[in-house]
Amino acid sequence: MSHTVAAPRAAGTPDPDPALRGAVRILTPDGERRDDAEYGGQVADVDDEALLALYDDMVVVRRIDTEATNLQRQGELALWPPLLGQEAAQIGSARALRTDDFAFTSYRENGVAYCRGVTPAELVPVWRGVTASGWDPYRVGMATPQVIIAAQTLHATGYALGLQHDGSDAVAIAYFGDGATSEGDASEALVFAATYTAPVVFFCQNNHWAISEPVSLQSGSSLAGRAAGFGVPSVTVDGNDVLAVLAVTRAALARARAGGGPSFIEAVTYRMGPHTTADDPTRYRDPAELEAWRRLDPIDRVAAHLTARGVLTDERRAAVTAHADEVAHAMRAACTALPDPDPMSLFEHVYATAHPELDRQKARYARYLDSFEDAR
Amino acid sequence: MSTMTMGGALNAGLRAALTADPKVVLMGEDIGRLGGVYRITDGLQREFGPRRVMDTPLAESGILGTAVGLAYRGYRPVCEIQFDGFVYPAFDQIVSQVARMRARTNGAVSLPITIRIPVGGGIGSAEHHSDSPEAYFAHTPGLRVVSVADPQDAYDLLQDAIACDDPVLFFEPKRRYHLKGEVDTGRSRPAALGTARVLRQGTDATVVTFGGLVQVALAAADAAADEGVSLEVIDLRSLSPIDWVTVAASVRRTGRVVVTHEAPESVGLGAELAAGITERCFSYLEHAPVRVTGFDIPYPPSKLEKHHLPDLDRLLDGVDAALGRPSSFEDES
């Protein structure tokens, strides 16, 4: 893998952003599937049916995203971080992973979580504020989402060191955004990973915005280009092309499994929605930019391709929509049925071993609550 | 039993932990070929190899962050922070990640990480080499904080800390690395993690301290005895949680207490001790708890540190205050 800023590979619809120049692209925004000399072989096995499955994934996670946003608007969730526009980056990369690989992500990777086997019902409790964790990381091979920007890049690197020590050929993957590349932890993770040849993939979704700050505020050069300074090979990929993302991620994983060490992937995509449901991007973003990226929609191009191939018939499209609706309805039902937690759960899981001081506080609060007749 | 320095006992404790559990890995700057700037890991890389005794890049957040990942994978990392004043770049990983992971995952992920830090002053060193940062960590839920004072405890408590499924900040007073003592390596003693110990019994006042000042307190107790004052000396050992049973039992007997530490006074561990003792022993107290501590200043140049660090005479001045005798604590409001 090598980072290049050579002549554009991409053709068709003009790209709205220079970051896409030279990006690996297999499925054009118009739905044309092309070969790629370096990466095309990685997805040669992805036939129409396999692509349809990726399409289904993307439609479902977009539907989950819409439903969760609605749940927030209706007061059922306190907050939700939409992934709208990043479906291909998340599905393409996560579907490249093996069961025994391990993902360390930020809070926006609900599409990755879906692919790892996190149920939609497990996605919402944290955002409803009823629990600290929606799932057991070891069951699905994915850590609970990280809120501190870039902290998880080091966790993935450390986990990769553990895999290396174990003699495993599994790989750790860190998901983070363009803003995270400015954090010291991201640089330290690249240093550690390069030093120890750790089997870790750094998957950066450059979605162009860190809340209100454009990516130009984070870096004077391309994000992928920065990895070279750490001795970590990198590639820029059209993050709205699910096939290209799958291809470059498979290549990075294969490299790590073979003992080749870390890789850095910059998936150039776009956060089409707000940072979270608490954000208002109209205060800082040119609507024309959003419109330009709408034409690069990650789902539309797969639909155009499969429709032209005669695979995505009206009937199958309806079946995918029905699947997405079913998942969304199940998530809504699970969400609204979630009871408020027991107040005494405050004191659980802080320590693995006995802690008399916390026990004292817990006992006192229990007595306090018991002093109200109908409190418990 | 064999005679060891505290540094030697720590080395022996690490060797025992590495031998007992293949998941134990040591990480830190200069801990491999050099054996650490204080030689605490001397010879361990040669004995256990570079994967189990890892020299790391000079990035403290990186050390702790990768330790989180290793622990996630089932390892039991023991991180050495080279000096007390170098821990702050790792503060976010310790406070936001190490301390909270178990709660954040509803108990699914424990992080049995031990963070060894040479702490404290009294060695005539440069800035950032003499800090006492215990209060930051004792204030953080999810962490345990341990401070050792002699070779036997260093040997035992380090192994207890590594075996503990909770993350432990393990403070080693660097001015006591050369303190010698008899060490029983039989591991026959009961687990001491979380407990204080009464090092010397007395009747007139209790001195509560830890780490490098334990020897100062014992010397002060000898000096006080010459003047007919009987001091009880408690080595706290566990700074989080505090062993209130041992502390309160002592103060109820003596009715007077002096708390001493090297760290600045305000919002330090002494404040927690004074408050907790007052809550538990109010009707037994003959005098308000007295604090003898470092001043609320950045750590001073080495030629001034003898004024900053509590010593035998300042501690006895505090004892005088607790006994209601003339002292520098008078006329404060």
Side-chain angles (χ1 to χ4, degrees), chain A residues 102 104 126 131-139 143-148 150-166 168 170 172 174 183-185 187-196 198 200 345-360, chain B residues 22-23 25 27 50-52 54-75 77 89 92-93 95-97 99-112 141-144 163-168 191 193-194 240-245 276:
Chain A
F102 210 99
F104 291 85
V126 166
T131 182
S133 173
W135 61 84
D136 178 345
Y138 294 122
R139 180 175 65 77
T144 48
Q146 180 58 243
V147 174
I148 300 294
Q152 76 277 16
T153 58
L154 283 166
H155 304 167
T157 303
Y159 192 93
L161 289 176
L163 291 169
Q164 186 182 58
H165 291 193
D166 292 344
S168 166
E183 292 279 2
D185 277 0
S187 290
E188 294 187 21
L190 285 161
V191 169
F192 275 66
T195 298
Y196 298 118
V200 57
S345 69
L346 281 170
F347 303 94
E348 292 172 6
H349 306 306
V350 181
Y351 291 94
T353 53
H355 197 283
E357 184 56 21
L358 189 58
D359 290 345
R360 184 182 65 82
Chain B
K23 293 295 187 185
V25 292
M27 311 171 68
R51 284 220 169 151
R52 300 202 56 203
M54 299 165 61
D55 271 326
T56 66
L58 267 66
E60 287 77 12
S61 187
I63 295 170
L64 264 298
T66 49
V68 168
L70 275 161
Y72 228 107
R73 180 66 194 169
Y75 283 83
D92 180 65
Q93 284 289 345
V95 169
S96 298
Q97 309 299 332
R100 299 182 185 206
M101 198 62 79
R102 187 177 160 76
R104 183 182 300 150
T105 59
N106 287 340
V109 180
S110 290
L111 297 182
L143 302 176
R144 286 174 166 272
C164 180
D165 284 338
D166 286 314
V168 179
L193 203 65
S240 176
I242 290 170
D243 176 2
W244 289 113
V245 173

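Please read all numbers here as calculations on a predicted model, not as lab measurements. Just so it is clear: chains get the letters A, B, ... in the order the sequence lines come, proteins before strands, and each one is counted from 1.
- Residue contact with chain B, scored on non-hydrogen atoms closer than 4.5 Å, involves the side chain of T195(A) exclusively.
- A donor-acceptor pair is defined here as one N or O able to donate and one able to accept, closer than 3.5 Å; such a pair exists between the side chain of D166(B) and the backbone of T353(A).
- Proximity to chain B is absent for every atom of A156(A), based on heavy atoms less than 4.5 angstrom apart.
- Using a 4.5 Å cut-off on side-chain heavy atoms (C-beta onward), S61(B) and L154(A) make contact.
- Using a 4.5 Å cut-off between heavy atoms, D243(B) makes no contact with chain A at all.
- Heavy atoms of L163(A) lying under 4.5 Å from chain B belong to its backbone as well as its side chain.
- The contact between A354(A) and chain B is made entirely by backbone atoms, counting heavy-atom distances below 4.5 Å.
- Taking chain A as the reference chain and counting heavy-atom pairs below 4.5 Å, the highest number among P167(B), A108(B), C164(B) is found for A108(B).
- Interface summary for chain B: among D166(A), T157(A), D185(A), V147(A), the most heavy-atom pairs under 4.5 angstrom belong to D166(A).
- Looking only at side-chain heavy atoms (C-beta outward), P137(A) and T144(A) come within less than 4.5 Å of each other.
- Using a 4.5 Å cut-off between heavy atoms, R139(A) does not touch chain B at all.
- Between chain A and the residues M54(B), M101(B), M27(B), R100(B), the largest count of heavy-atom pairs under 4.5 Å involves M54(B).
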Let me see the working for E357(A) and I242(B) under side chain to side chain contact (heavy atoms under 4.5 Å, CB included), right down to the final yes or no.
CA-CA 8 Å; E357(A) 184 56 21; I242(B) 290 170; over 6 Å; no
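- Side-chain atoms of Y138(A) come within 3.5 Å of backbone N or O of Y72(B) as a donor-acceptor pair.
- Remark: side-chain polar atoms of Y75(B) are not paired, donor with acceptor, to backbone N or O of K23(B) under 3.5 angstrom.
- In terms of heavy-atom pairs under 4.5 angstrom with chain B, the leader among G134(A), G184(A), A143(A) is A143(A).
- Between chain B and the residues R360(A), H155(A), Q152(A), the most heavy-atom pairs under 4.5 angstrom are made by H155(A).
- For a residue to count as touching a neighbouring chain, one of its non-hydrogen atoms must lie under 4.5 Å from one of that chain's; by this rule L143(B) touches chain A with the backbone only.
- Judged purely by atom type and a 3.5 angstrom limit, T66(B) uses its side chain to pair as donor or acceptor with the backbone of I63(B).
- Residue pairs that meet the side chain to side chain donor-acceptor pair (under 3.5 Å) test with at least one member in residues 102-112 of chain B, sequence neighbours left out, are T131(A)-N106(B), Q97(B)-R104(B), R102(B)-S110(B).
- You'll find the side chain of V350(A) stays beyond 4.5 Å of the side chain of H355(A), heavy atoms only.
- Both the backbone and the side chain of Q164(A) come within contact range of chain B, with heavy atoms under 4.5 Å apart.
- Annotation: maximal heavy-atom pairing with chain B below 4.5 Å, among L358(A), L161(A), I148(A), occurs at I148(A).
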Could you please spell out the steps behind the side chain to side chain contact (heavy atoms under 4.5 Å, CB included) verdict for Y196(A) and T56(B)?
CA-CA 9 Å; Y196(A) 298 118; T56(B) 66; 3.6 Å; yes
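- Heavy atoms of A59(B) lying under 4.5 Å from chain A belong to its backbone as well as its side chain.
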